[in-house]
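In what follows, a structure is listed as C-alpha cells, so that the remarks can point back to it.
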Amino acid sequence: MKYAAPTALLIALFAPLAVHSDSILAIAIYGFMAASLAVSFNLIFGFTGQLSLFHAASFGVSAYIVTILVTAFGWNFWLAVVPALAVVLILSLIVGTICFRFKLKEFYFAVVTMAFSEILRLVILNWNGITNGSLGITVVDRPSLWTPSGAVQISSGIAWYYLTLALLVIVYVVCQRILSSWIGRCLAAIRLNDQLGETLGIDVFKYKLLSFAVGSVLAGLVGAFYGFYSGFVEPHYLSISLGLDIIAMVLLGGVGSLIGPVIGAVILTALPHVIDLSAELRIGLYGSILIFVILVMPKGIVGLLGSRKNAA
Amino acid sequence: MLLDIQGLIKRFGGLTAVSNVSFGIERGEIVGIFGPNGSGKTTTLNLIAGILQPTEGSILWKGNEIGRLASFEVAQQGLIKTFQNPQLFPELTVAQHMRIACHLHIKRALGIGRVLTLLRGTPGELDGVLTRKIDQMLELCRLADKRGEVAGALSYGSEKMLGVAMGMVCEPELLLLDEPASGLGNDEISNLDAVLRDLRTHGVTLCIIDHKVGFLGRLADRAIALHHGAIIAVGKTTDVLDNSAVVEAYLGKKHA
Amino acid sequence: MSQLIIGQLLNGVIVGSLYGIIALGVTLTFGLTGIVNFALGAFMMLGAYATWYLYDVLGWPYVPAVFGAVIAVGIIGYLCDRALFQFTRGNLVNGLLVSIGMISVFEALVLAAFTTTPRDLTYVLPGALHVGGLILPKIKVAVCGVFLAVIFGTYFALTRTWLGRAAFSYAQNPEAAALMGIRTGRLQTIVVVYSTALAGLGGGLYASMYSIDPTIGSGYVLKAVEAAILAGIGSVIGALGGGIILGVSENIGSVFLPSAFRDAYGLVFLIAILLVRPSGLFGDRS
Amino acid sequence: MLEVADLNVSYGKHKVLRAVSFGLQRGEVVALIGPNAAGKSTTLRTLAALKKANSGRITFEGGDVASKSTADRVRCGLVLVPEGRQIFPRSSVHENLLMGAYHRPDRDQVDGDMERIFSMFPRLRERRTQRAGSMSGGEQQMLAIGRGLMSRPKLMLLDEPTLGLAPIIIEELGQIIRKLASEGLTILLAEQNAAMALGCADRAYVLQSGSIVTSGQAKQLSETSEVKQMYLGA
Amino acid sequence: EDVVKIGQIEALTGPTATYGWMSAQGAKLAVEEINAKGGFKVGDKTYKLQLTQADTRGEPREATVQFRKLMEENVRFVFGPFLTNIFNAIEPIAKQNNGKFLLFAGATSAHSALGKPDHDYLFRTWNWDAGPSGFGKLMVDYLKKQDTKKVAMLFQNDAFGKTAVDIYTALFKDAGIELKVELFEPGTKDFSAVLAKLATGKPDFLFPGYSDAVLYDIVRQATESGFANRFFLVRGSIGPALKNKDAIEDYIAYVPKYFEQAEKTEPKVKAFIENYKKTYNREFPYDQAPLCSSSCYDHVHMLVQAMQSAGTVDDVAKIRTALLSMSYDGLWKIKYDKTGEEVFGFDVVHVRKGGSVEVVKYDPTND
Ligand SMILES: Nc1ncnc2c1ncn2[C@@H]1O[C@H](COP(=O)(O)OP(=O)(O)OP(=O)(O)O)[C@@H](O)[C@H]1O
Ligand SMILES: Nc1ncnc2c1ncn2[C@@H]1O[C@H](COP(=O)(O)OP(=O)(O)OP(=O)(O)O)[C@@H](O)[C@H]1O
Ligand SMILES: CC(C)C[C@H](N)C(=O)O
Ligand SMILES: [Mg+2]
Ligand SMILES: [Mg+2]
C-alpha cells in the first residue's frame with residue numbers, strides 16, 4: 001500500500017503508449033481532473049471533517065473566470081488562472097469565515113455552504129450579460145494552452161493527458177505535504193475533537209479556514225483546466241449534483257486516505273462507460289454497485305485494502 | 001503572582017455556579033481545590049482556561065487580563081487544562097495524541113519557520129527531539145506499552161492518564177488538572193503523585209481538583225475549598241481539610 | 001396587490017407543508033439512525049407512482065390508492081432497512097452513499113416500468129375555493145390539511161408517549177438507551193419505516209397536485225434537508241416550520257423579485273437564520 | 001442468581017478476559033476490584049451484552065442469557081450502570097430518571113420510586129429540570145446511579161460508581177448499597193476504590209490482567225497483606 | 001453481410017430525457033423495420049443498419065466523451081442531439097470531424113451553426129422555432145390575427161429556454177406585441193407565484209414552455225387559480241388542453257402532425273402507430289412528444305433513400321448532396337433548404353373551451 005501512489009503514477013505515465021483511443025484518453029483526462037477535485041475535497045472533508053458543499057462552486061467560478069478572460073478579453077490562459085484563483089480564495093475566505101465564526105457544524109455547515117454555492121450558481125445562471133446565462137460559454141476554437149514561449153500548443157489528447165496528470169500530481173503532493181506536517185495533525189485534532197484541540201493551543205478557526213481555503217483554491221485550479229479542456233462552461237458546473245458526485249468518489253475510495261479519492265474518482269468516472277448497457281439497466285447497476293461496495297467495504301476501497309493511514 | 005483571580009462570577013441562567021471567587025497562585029506552587037459535587041470547581045478551572053467566559057470578575061495572568069481570551073489563546077500563554085471526563089481523539093493512537101499535543105512546542109521552537117518544513121516534508125531535527133520527549137513522557141505515565149493503541153480502546157484509567165500526559169507535553173507554566181486521580185487505582189495514584197512532584201521540580205505550577213483527599217491532601221501545598229460556588233476555606237492544605245465547614249460539607253464527619 | 005401577497009403566502013404554506021412532511025422523515029431518520037436518507041425523495045417518487053398506478057391504471061378510488069401506496073412504500077422501506085440501512089447505522093457517510101445508490105436503483109426500476117414520460121393523474125378534487133377574492137385550489141387545501149394533521153399527530157405522539165421518549169433518548173446516547181431496555185434495533189426500524197411511509201404519503205398526495213416523473217424526488221429531498229437543518233435536526237414541529245419558511249420565502253420572493261432566483265430566496269433565509277442560531281431555529285443551542 | 005463460567009473476551013487479537021468464573025447469590029453485594037485495565041469494565045459490559053464473549057457461559061436466574069440482547073437482559077432485571085456516566089445529556093434530570101423505568105410494565109409506580117431516589121440524592125431533586133449534560137461530574141454520576149435504580153433491577157451491575165463523587169457522598173453511597181442489598185437487590189460492584197468496595201461488599205474478587213487472582217469474604221480480603229498493599233494504599 | 005453504422009446521441013435518462021428517449025424509440029423502430037425487410041440495396045450490395053445509442057444523460061461532458069467514441073468507431077451518420085446544451089458541447093469536436101460524417105441534430109442552437117464554414121456535416125431535423133420557415137414567425141403572425149397585444153412567456157431557465165427567449169423576443173418586437181418574460185428553475189412544480197405575477201400584467205395569451213410535464217402543471221395551475229386561460233404553444237401536445245377543456249378559453253398548439261386525426265386519415269401514420277404499440281408494448285403517447293419519435297423514424301428512412309440515390313454508403317459528401325436535393329414524404333413531408341435547415345409541413349391545432357378542435361395545415365415544402 002505504501003507504494004500504491006508511485007506505482008499508479010508509473011502506470012499512468014506509460015498507459016498512453018498502449019491506448020490510442022481519443023475517447024479513452026478523454027475519460028482518463030476527466031478521471032484525472034475528477035481525482036484532483038476529490039483529493040482536494042478530501043482535504044476539507046476527510047481530513048478536517050468539514051462536509052463542504054462549496055467545492056463545486058469554487059470549481060465552477062474559476063472555470064468561468066478563466067473562460068471569460070480568455071474568450072472575451074483575449075487573455076493568455078496562464079495569466080487568467082491568477083485572478084481566477086484569487087477570486088476563489090477570496091470567496092472561500094468569506095464563506096469560511098462566516099461559517100466558522102458562527103461555529104456551524106456538520107450538516108449545518110454542509111447546508112450553509114450548499115446555500116452559498118447555490119446562490120453563486122443562480123447568479124452565474126442569471127447574469128446573462130457576462131456569463132451568457134444558461135447557455136454557458138463555448139471556447140470557440142479547439143481549446144489549446146500556450147506555453148509561456150508561445151511556441152507549443154497543447155491541444156492533442158495526449159498532451160492534455162499528461163497535463164492533467166501533472167495537475168493531479170501537484171494537487172496530491174500539496175495535500176500530502178500539508179497532511180504530513182503539523183497542519184495535518186491540527187486538522188485531525190479538529191476533525192476528531194475540536195474542543196480538546198483548542199485547549200491544547202490549536203487555533204481551530206484558523207486551521208479550519210486554512211484547510212477550506214486551500215482545498216477550494218485547488219478545486220479552482222482544477223476548474224480552470226476543466227473548462228478549458230472540455231471547451232465550454234455552463235452553470236451546471238456549480239451544481240449540487242457535482243458536489244454529491246465528488247462526495248461519492250471520496251467515500252467510495254476511502255475517506256481519510258490520500259490515494260482513496262483518486263481510486264474512487266477514476267472508478268466512478270469510468271464506470272458508466274464500462275457498463276455499456278441500456279440506460280435503465282446502467283443506472284440501476286450503478287446504484288447497486290455503489291450500495292454493494294459500501295456494504296462490503298464500509299471504509300471504502302482503501303479501507304478494504306487494509307492500510308489506513310491516519311493523519312497524525 | 002502568576003495567576004490572580006478577582007471577584008470571579010459565573011451564572012448559568014438563574015444558577016450562580018461560581019460566586020465571587022478570588023484567589024491567587026504563586027509560581028511553583030501546587031494548589032488543591034476541594035469541594036462537594038457541584039460546588040463550582042470545574043467551572044472555575046474552565047473559566048481560567050477560557051473554555052467558559054466569566055459573567056463578572058477578572059483573571060490576571062502575569063498581570064494581564066485573560067478572562068476574555070479564547071481557550072487556544074490561553075493555552076498559547078502557557079495555561080493548559082485537562083478534562084474531568086476524558087476528552088480524546090477516538091480514532092488516534094496514544095502516540096498520535098502526544099504528537100498533536102506537541103503543537104505548541106513546535107510553534108514555539110520554529111515559529112513561522114514551520115512553513116519551510118512543508119517543503120521538506122518533515123519537521124526535520126525537531127522530529128527526533130519530539131519523539132524522545134514523547135517516549136519519556138509515556139514512560140513516566142506508564143503508557144509506553146499502549147503507545148500504539150487507539151484511544152477508543154483504552155480503559156478509563158488509561159484515558160485519564162493520557163489526558164495528564166498530553167497536558168504535560170504541552171510544557172505549560174501552569175497546569176490545571178481536573179480530577180486526574182479519579183478512576184485510578186492506588187498504585188497508579190502513587191505514580192501520578194511522583195510524576196506531579198517531579199513536574200514541580202521542573203518549574204511547573206499546578207492547580208488540581210480531586211476528590212481523593214488522601215492523594216491531593218498530601219500533594220498540595222495550599223488548598224481552596226468551595227461550597228455553593230464560594231470559597232469557604234483557604235490556606236495550608238491540612239488546615240483546610242481540618243476546617244469544620246469543609247468537614248461538614250465535604251468530607252463527612254468521620255474523616256475529620 | 002394584497003390579494004396577490006396573501007394568496008402567495010397561503011400557497012407558500014401549502015408548498016412548505018410538503019417540504020415539511022419529507023423534512024420530518026429526514027429529521028427523524030437522521031436523529032435516530034444517524035443516516036441522512038437522501039433516498040426519501042425516491043420513496044416519495046415511489047409513493048407517487050404507486051398512487052398513480054392504483055388510481056389511474058387499476059381504477060381504485062383515490063383515498064384507498066393513497067393508503068395502498070403508503071403501505072407499499074412502507075414495506076419497501078422495511079425491506080430496505082433490513083437489507084441495507086441496518087448495516088450503515090450510525091455511519092453518516094456510508095448511509096449517505098447507500099441512500100444515493102438507492103436513488104439510482106429506484107429511478108432505474110421506475111424508468112424500466114413506466115418510462116421517463118411524465119404522468120398526470122386524473123384530477124382528484126378539481127376546482128377552487130373562492131374566499132374573499134382569493135382563489136385556492138381545493139386539492140391543495142386538502143393536501144395541506146392532511147400534512148398538518150400528520151405532522152402535529154407525530155409531534156404529539158413523540159412528546160407524549162414512551163416510544164417518543166425512547167426515540168429522543170436513543171438519539172442522544174444509543175448505548176445508554178439499550179441499557180434502559182429499549183430495543184434499539186426495532187426502534188430504528190420503526191423510524192425508518194415511518195419516515196419512508198411519510199415520504200410515500202407525501203408522494204401520494206403530491207401526485208394529486210402535480211405531474212410526476214421518475215426524477216421528482218431529488219429536488220424535494222434537498223428542500224426537505226434544508227428545512228430540517230433550518231429548523232434544527234430533531235425538531236418535529238421545526239420540520240414543518242422550516243418547510244413553511246422555505247415555501248413562503250420562495251413564493252413571496254418570486255412575486256417581488258425575478259422568479260429565476262426562486263430557490264435563492266429560501267437559501268438566503270436559511271443562511272440568515274443559521275447565523276443567528278447555528279443549530280437551527282428550534283434546535284438545541286449547545 | 002448469576003453464574004459466570006469460563007468467560008473469555010477479546011478485542012481483536014488482544015485478550016482481555018481469560019477464563020473468568022464467578023457467581024452471585026441473591027441479595028449479595030460482590031465487589032470486583034483490580035488495577036487499571038484489568039478488565040473490570042469489560043466483564044460488566046459482557047454481562048450486559050454490550051460486548052460479545054468469545055466463549056463461556058452466563059446464567060442468570062437459572063437460564064442461559066447468551067442469546068439475549070442488552071435490552072432483553074434489562075427486561076429480565078439485569079441492569080448495568082455504566083462507567084463514565086452515559087446519561088442523556090439533552091434531557092432533563094427528570095426525563096433521565098423516567099427513562100430508567102422505560103421497560104417496566106408498572107409505569108404508574110414510577111412517581112414513588114422517583115421520590116425514593118430524590119431522597120437518596122437530594123441534589124437531583126433540586127436540579128430536576130436542569131439539562132443533565134450541564135450538571136457537574138459528580139451530579140451526573142448520582143443521576144446515572146439513580147436512573148439505574150429506577151429500572152428496579154434484580155441484579156445491578158455498578159461500574160465505578162464512586163467516580164468523581166465527593167467523600168461524603170461516597171460514604172452515603174456505601175450505606176445506600178447496603179440498604180438496597182438488605183431489601184433483596186443483588187449488586188456487582190466494579191471499583192478502583194477498593195476501600196469503599198471492600199467496606200460495603202460481602203464478597204470480593206480480585207481481577208488482574210483479565211484473570212481472577214483472589215477471591216473471598218470482603219473482610220478477610222481487606223486484611224491480606226497483598227491486597228492491602230496493592231489496593232488500599234497501606 | 002455489410003452493415004452501415006448509425007449512431008444516436010441523446011439524453012436517455014435524467015431530467016431532460018423525454019425527447020431523447022422518444023427519438024431513440026423512433027430511430028430504433030425505423031432501423032428494425034428496415035433490417036426486418038432484409039436491409040436495403042445500394043448499388044448491388046445489400047446493407048443492414050447497425051444502431052448505436054449513446055446516453056448523454058443530458059450532461060454536456062458526458063456527451064463529448066460519447067461523441068468522441070462514435071467518431072472513433074467511424075460512425076458516419078449520427079442522429080441527435082435534440083438538446084441545445086448538448087449540441088453546443090459537441091459542436092467543437094464535430095467541427096474537427098467535418099467531412100467525415102453527417103449529424104442530424106434537432107437542437108435549436110444548431111440553427112445558427114448551419115451554413116457556417118466547417119459545418120458541412122450538419123443537418124437540422126426539427127425546426128419549429130427559428131428562421132423564415134420555422135414556426136416562430138408563423139406563430140407570431142397567427143397571434144396578430146387574434147388581435148393580441150400582450151403575451152407572457154414562461155420558460156424553463158436552461159440552455160434551450162434562453163435560446164427560445166432570444167428568438168421570440170425579437171419576433172414579438174417586430175410584430176409590435178408586448179412581451180413579458182419569466183423564467184423558472186428546472187424541476188419547478190409549483191408555478192403559482194410566477195403565474196400570479198404574470199397575471200397582474202393581464203396578458204392576452206400565456207406562452208409556456210416546453211416539456212410536457214411543465215405544460216400539464218402550468219395549464220392546470222393557471223386555470224385552476226384563474227391566472228390565465230388562453231395558451232399559446234409552439235409545439236407540444238394538446239393533452240393539457242383536453243384535460244382542462246372546460247377551464248381554457250383558447251389553446252393553440254403547433255405540431256408537426258396532429259396524430260389523433262392523422263391516424264384516421266393516413267395509412268402510413270396508422271401503421272406507424274400500430275408498429276409502435278406492438279414494439280414497445282405500450283400506448284402510443286399522443287400527448288407526449290410523439291414528434292421526436294416520428295421525426296427520427298422519418299429521418300432514418302430518408303437517409304437510407306439518400307444513400308440509395310447517391311449510390312454509396314460511405315461517401316458522406318455525395319450523400320449530403322443527395323439529401324439536400326431530395327424531398328421525403330413519410331409521416332411528415334420533409335426537405336432541407338440549402339444550408340441543411342429543415343423545412344416541413346405542420347399543423348396548427350386550436351382547441352377551444354369545451355374541447356372543440358380546429359386544425360389548419362401548412363406545407364412550406366411546396367413553396
Ligand atoms: N452549562 C451549565 N448550565 C447550567 N448549569 C451548569 C452548567 N455547568 C455547570 N452547571 C452547574 O453549576 C454547578 C457547578 O458545576 P461544576 O461542574 O463546576 O461542579 P464541580 O465542583 O466540578 O463538581 P464535581 O465535583 O461534581 O465535578 C453544578 O451544580 C452544575 O449543575
Ligand atoms: N473497545 C476496545 N477495543 C480494544 N481494547 C479495549 C477496548 N476496551 C477496552 N480495551 C482493553 O481491554 C483492557 C481492559 O479494559 P477495561 O476497560 O475492562 O479495564 P478496567 O479494569 O475497567 O480498567 P479501569 O479501571 O481503568 O476502567 C484494557 O487493556 C483496554 O485497553
Ligand atoms: C426538445 C426541444 C424542446 C429541445 C430544444 N430544441 C433544444 O434545443 O434544447
Ligand atoms: Mg467537576
Ligand atoms: Mg473500567
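Being a predicted model, the structure only gives us computed values, none of them experimental. In what follows, chains carry the letters A, B, and so on, assigned in the order in which the sequence lines appear, proteins first and then strands, with residues in each chain numbered from 1.
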[X] atom [atom1], over 12 foreign heavy atoms within 6.0 Å:
X: B:Glu139; atom1: CD; result: no
X: A:Phe292; atom1: CZ; result: no
X: A:Lys103; atom1: NZ; result: no
X: A:Arg101; atom1: CZ; result: no

Indicate the atoms forming the closest heavy-atom contact of [X] with [Y], along with that distance.
X: B:Pro90; Y: A:Leu192; answer: CD-O, 4.1 Å
X: B:Ile106; Y: A:Arg185; answer: CD1-NH2, 3.3 Å
X: A:Gly201; Y: B:Leu104; answer: O-CD2, 4.0 Å
X: A:Leu200; Y: B:Cys170; answer: CD2-SG, 3.6 Å
X: B:Leu92; Y: A:Ala188; answer: CD1-CB, 4.5 Å

| task | Under 4.5 Å, counting heavy-atom pairs only, tell me which of A:Val173, A:Val174, A:Ile202 racks up the most with chain B. | result |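 Ranked by contacts with chain B, first place is A:Ile202.
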
| query | How long is the gap from NZ on B:Lys107 to CH2 on A:Trp182, to the nearest 0.5 Å? | reply | 10.0 Å

| query | How long is the gap from CZ on B:Phe89 to CG on A:Leu196, to the nearest 0.5 Å? | reply |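 These two atoms lie 4.0 Å from each other.
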
| query | Pick from B:Thr82, B:Leu88, B:Val169: which one has the most heavy-atom pairs with chain A under 4.5 Å? | reply | B:Leu88

